[in-house]
Amino acid sequence: MSFLSLVETWANALWNPWLLGLFLLVGGYYTLRSGFFQFAPHRWLRPLKASLTRPKSGGLTQFQALATALASTIGTGSIAGVATAIFFGGPGAVFWMWVSALLGMMTGFAEKALAAAYREVAPDGGAAGGPMCYMARGLKRIGKPLAAAFSLSCVFASLAGGAMVQANSISTALRASANIAPLSAGLLTALAVGVVLFGGIGRVGKVSERLVPLMAGLFLFGGAAALFLRRAYLPAALEAIFQGAFHPQAACGGYTAALALRYGVARGVFTNEAGLGSSAMAHAAAGGSTPAEEGCWGMVEVFLSTLLVCTVTALVILTAGVYVPGGVPAEYLGAPLCAASFGVTLGRFGPILVSVSLLLFAYTSLLGWGYYGERALSYLWGSGRAIPAFRGVFLVCIVAGSVGEVGAVWQLADLTNGLMALPNLLAVAVLAPEAMRELKKETG
């Protein structure tokens with residue numbers, strides 16, 4: 001059995017049906033307990049006003065924390081990940097991406113609120129924390145083993161889903177648009193990431209708060225223009241999404257509803273990270289906010305990354321006419337399918353827009369995941385020599401991912417993400433009463 005087949009077998013065994021069900025179950029549980037809080041935006045947007053006007057009190061500002069979290073979530077998953085989900089799961093995968101995001105808004109609230117409630121003082125005097133802290137201190141007998149399992153999985157996830165996937169998408173885009181060799185692209189990317197990553201979380205936050213609004217605005221503007229020009233095809237695209245999600249055997253291409261569920265939820269989790277626990281580490285670094293405020297920022301993060309950015313990507317692909325269920329060439333797997341779809345309506349500007357967006361998305365994701373890997377490693381072995389060594393390995397993985405095979409890289413990301421999500425979802429479920437108390441304090 002090849003390495004790719006082995007990784008795919010392990011990933012499928014972990015996700016189907018265990019993690020798929022657990023993500024939806026935990027999100028649904030929080031949705032019911034909160035009285036469908038995510039469907040009342042006036043309630044979860046209100047606490048954000050106070051946190052925006054509060055002075056910085058160590059660590060990151062509120063906007064820097066959100067930008068750092070969005071830097072990792074609005075990544076290649078928002079472009080290549082959506083295209084991959086449609087490629088493997090059909091249009092119905094988009095529906096389950098929406099479902100995972102709606103339920104994930106409450107899971108995101110819980111893990112960010114808990115991360116803020118259990119945040120600690122970092123060695124530099126700022127704030128720090130994450131799932132490993134609320135596991136170790138919030139749970140009793142199983143807390144420390146769960147925290148260690150999460151941290152170890154997070155280190156590997158940052159190297160696979162963080163470094164290798166993002167770098168692979170960058171090299172694929174540069175090879176398609178500018179004919180740059182993958183190895184050269186990997187070396188350039190590693191250099192650009194290293195300059196920022198060795199400056200610590202403060203530099204990551206400053207770069208993210210400048211790049212995230214720019215990259216998201218650029219992509220959404222181009223996507224809105226493409227959808228306006230193809231607006232006549234929107235009803236058919238929406239019909240394909242709902243048909244593919246519920247039909248036992250989708251009418252076109254042989255996609256099953258099970259495949260749509262599997263890839264829709266998995267890619268939805270990859271794009272918004274709700275349930276993984278990774279972006280909770282960025283929110284924990286924002287000092288001075290209440291747990292409920294930080295939880296509400298987590299909800300905004302999920303909404304922007306999946307329900308807005310990923311939806312635009314999916315609808316552009318499904319309205320362009322390039323995608324044919326069951327008949328898409330293998331070379332269109334990932335970002336090239338998105339680039340070709342944008343090119344239908346925007347001409348030569350379309351692939352350029354996708355390439356530039358992908359470069360910015362993937363670059364900021366690399367910065368965010370580099371920090372997450374460092375935080376997890378710090379919990380396991382302290383912040384001594386392990387951190388510089390990790391940064392070196394992270395940069396090597398960027399180069400390796402640039403020249404790797406795209407299918408193997410994405411399957412490896414699914415496996416490592418799943419291993420990280422499992423202990424985090426269990427902890428978030430057990431600590432639900434505490435998260436709900438924080439919500440009640442803020443919103444009444």
Side-chain angles (χ1 to χ4, degrees), residues 18-48 50-51 65 69 99-120 127-151 154 269 272-284 286 288-303 379 420-444:
W18 311 110
L19 269 180
L20 290 175
L22 193 55
F23 270 106
L24 298 177
L25 186 63
V26 172
Y29 175 66
Y30 270 96
T31 296
L32 291 174
R33 284 207 60 169
S34 67
F36 297 87
F37 183 66
Q38 69 269 51
F39 294 99
H42 64 283
R43 295 180 64 197
W44 50 267
L45 288 175
R46 187 171 61 243
L48 306 185
S51 61
V99 171
S100 72
L102 285 170
L103 297 179
M105 287 179 74
M106 288 313 303
T107 309
F109 170 89
E111 60 187 6
K112 273 71 170 184
L114 291 169
Y118 287 93
R119 62 163 62 101
E120 302 171 343
M132 64 285 285
C133 295
Y134 60 70
M135 289 176 193
R137 291 164 50 201
L139 305 176
K140 294 183 179 179
R141 296 179 181 177
I142 62 171
K144 290 186 177 179
L146 274 183
F150 170 84
S151 299
C154 182
V269 170
N272 60 53
E273 298 180 22
L276 292 188
S278 50
S279 59
M281 288 180 261
H283 286 273
S289 62
T290 68
E293 286 172 356
E294 213 56 58
C296 291
W297 280 111
M299 297 176 69
V300 173
E301 173 191 323
V302 176
F303 176 84
Y379 177 81
M420 187 169 66
L422 188 58
N424 182 60
L425 287 171
L426 292 174
V428 168
V430 173
L431 294 172
E434 187 168 347
M436 287 298 97
R437 280 196 299 271
E438 296 295 345
L439 175 63
K440 191 173 182 180
K441 285 181 190 176
E442 191 71 37
T443 61

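Count residues from 1 along the sequence. Worth knowing before you read on, the calculation uses all heavy atoms, side chains too, and leaves out hydrogens, waters and symmetry mates.
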Side-chain touch Leu45/Met299, heavy atoms, less than 4.5 angstrom: no

Would you please name every residue forming a side-chain contact (heavy atoms from CB on, under 4.5 Å) with Ser100, sequence neighbours left out? Val265

Output for pair (Leu25 CG, Tyr30 OH), nearest 0.5 Å, gives 11.5 Å

Quick check: do Leu425 and Phe23 have side-chain heavy atoms less than 4.5 Å from each other? yes

Out of curiosity, Leu431 CG to Leu114 CG, how far, rounded to the nearest 0.5 Å? 5.5 Å

Look at the aromatic rings of Trp44 and Phe303 and report parallel, tilted or perpendicular, splitting at 30° and 60°. tilted

Side chains of residues 136-145: which donor-acceptor partners sit under 3.5 Å, not counting sequence neighbours?
residue	atom	partner	partner atom	Å
Arg137	NH1	Tyr118	O	2.8

Return yes if some donor-acceptor pair links the side-chain N/O of Glu111 with the main-chain N/O of Gly277 below 3.5 Å, else return no. yes

Minimal heavy-atom distance between Thr31 and Gln38, with the atoms involved, is OG1-NE2, 2.9 Å

Applying ring-ring contact (aromatic ring centres under 6.0 Å, His included) to Tyr379 and not counting sequence neighbours gives none

Please find the pair of heavy atoms, one from Gly275 and one from Asn424, that lie closest to each other, and give the distance. O-ND2, 2.6 Å

Gap separating the CG atom of Leu102 from the CG atom of Leu24, nearest 0.5 angstrom: 11.5 Å

From Met135 CE over to Phe150 CZ, what is the distance, rounded to the nearest 0.5 angstrom? 5.5 Å

Less than 4.5 Å apart, side chain to side chain, heavy atoms only: is that true for Val302 and Phe109? no

Gap between atom CZ of Phe37 and atom CE of Met436 - 0.5 Å precision: 8.5 Å

Side chains of Met281 and Cys154: closer than 4.5 Å at any heavy-atom pair? yes

Return yes if some donor-acceptor pair links the side-chain N/O of Arg119 with the main-chain N/O of Ala284 below 3.5 Å, else return no. yes

Non-hydrogen side-chain atoms of Arg437 and Lys440 separated by less than 4.5 Å: no

Sub-3.5 Å donor-acceptor pair from the side chain of Glu294 to the main-chain atoms of Lys112, do we have one? no

In the structure I gave you, are the side-chain heavy atoms of Cys296 and Arg43 within less than 4.5 Å of one another anywhere? no

Where do Thr107 and Ala274 come nearest, in terms of heavy atoms and distance? CG2-C, 4.3 Å

For a quick test of reading the model, state the closest non-hydrogen atom pair linking Gly27 to Met106 and the distance between them. O-CB, 4.3 Å

What heavy-atom pair brings Ala110 and Val428 nearest, and what distance separates the two atoms? CB-CG1, 3.8 Å

Distance (rounded to the nearest 0.5 Å) between Phe36 CZ and Met105 CE: 14.0 Å

